[in-house]
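Notes to accompany the following structure.
Worth knowing before you read on, the calculation uses all heavy atoms, side chains too, and leaves out hydrogens, waters and symmetry mates.
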Amino acid sequence: MAHILVVDDDPAIRQLLTDVLEMDGYEVSVAVDGLAAVRAVEAINPDFVILDVMMPGLDGFGVLSTIRAQPGEPVPVLMLTAAAESDANARAWAGGVDYYLAKPFTADAVLDLIDGVLTGQVSVADL
């Protein structure tokens with residue numbers, strides 16, 4: 001069973017994603033901010049990370065940078081953001097994000113993407 005790390009400071013989004021992913025058979029861990037996310041990535045070595053951009057303390061770009069600096073096979077990262085900054089998308093891609101969705105999003109879109117990535121049916125080139 002694949003292990004997904006959900007990182008978001010919004011409890012409603014964390015709960016929605018956790019519920020949907022667990023119903024689909026995934027093991028889910030959550031982090032409420034960037035520093036907790038870094039600790040979780042190091043501790044659990046997730047198969048996939050869903051990462052918010054705007055969080056207190058270390059933001060999603062900082063977390064992404066830390067994830068990409070780790071040795072070994074890179075973990076796929078999906079950034080979810082409500083960021084109104086016009087450069088957020090470009091910054092995410094430049095930082096090495098694999099997938100990017102703007103909020104609001106549908107749970108089905110996230111689930112379809114993760115299912116496709118983890119079964120090898122979706123790649124960055126498909127997006």
(request) Under the side chain to side chain contact (heavy atoms under 4.5 Å, CB included) rule, what do Ile4 and Leu118 come out as? Steps first, then yes or no, please. (result) CA-CA 10 Å; Ile4 312 296; Leu118 295 179; 3.9 Å; yes
Does some side-chain heavy atom of [Y] sit less than 4.5 Å from a side-chain heavy atom of [X]?
X: Leu101; Y: Met79; result: no
X: Tyr99; Y: Val117; result: yes
X: Arg91; Y: Phe61; result: yes
X: Pro56; Y: Asp9; result: yes
X: Phe105; Y: Leu78; result: no

(request) Evaluate the criterion side chain to side chain contact (heavy atoms under 4.5 Å, CB included) for residue pair Leu5 and Ile50; output intermediate values, then yes/no. (result) CA-CA 6 Å; Leu5 175 62; Ile50 301 172; over 6 Å; no
(message) So, taking the atom named CD1 in Ile44 and the one named CZ in Arg39, what distance separates them when rounded to the nearest 0.5 Å?
(response) 12.5 Å
(request) Drop me the distance from Thr81's OG1 to Tyr100's OH, to the nearest 0.5 angstrom. (result)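 Here the rounded value is 4.5 Å.
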(request) Using side chain to side chain contact (heavy atoms under 4.5 Å, CB included) as the criterion, list what pairs up with Asp10, not counting sequence neighbours. (result) Asp8, Ala12, Ile13
(request) Could you pull out all residues at least two apart from Ala102 that satisfy side chain to side chain contact (heavy atoms under 4.5 Å, CB included)? (result)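 Not a single residue meets the side chain to side chain contact (heavy atoms under 4.5 Å, CB included) criterion with Ala102.
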(message) By the side chain to side chain donor-acceptor pair (under 3.5 Å) test, which pairs, at least two apart or in different chains, include something from residues 55-78?
(response) Arg68-Asp98
(request) Check the pair Phe48, Val77 against side chain to side chain contact (heavy atoms under 4.5 Å, CB included), reporting the backbone distance first and the verdict last. (result) CA-CA 6 Å; Phe48 197 101; Val77 176; over 6 Å; no
(message) Taking salt bridge (charged side-chain N to carboxylate O under 4.0 Å, His left out) as the cut-off, I'd like each qualifying pair that reaches into residues 43-54, sequence neighbours left out, listed once.
(response) Asp52-Lys103
(request) Could you tell me which residues satisfy side-chain hydrogen bond (donor to acceptor under 3.5 Å, both in side chains) with Gln15, sequence neighbours excluded, listed by chain and number? (result) Asp19
(request) Determine the minimum heavy-atom distance between Leu16 and Ala107, stating which atoms define it. (result)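 In this case the closest contact between Leu16 and Ala107 is CD1-CB, 4.3 Å.
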(request) Identify the two heavy atoms, one from Gly60 and one from Leu51, that lie closest to each other, and give their separation to 0.1 Å. (result) O-CD2, 3.4 Å
If you look only at distance, which donor and acceptor atoms sit under 3.5 Å apart when one is on a side chain in residues 24-34 and the other is two or more places apart or in another chain?
residue: Tyr26; atom: OH; partner: Asp115; partner atom: OD1; Å: 2.4
residue: Ser29; atom: OG; partner: His3; partner atom: NE2; Å: 2.6
residue: Asp33; atom: OD1; partner: Leu35; partner atom: N; Å: 3.2
residue: Asp33; atom: OD1; partner: Ala36; partner atom: N; Å: 2.8

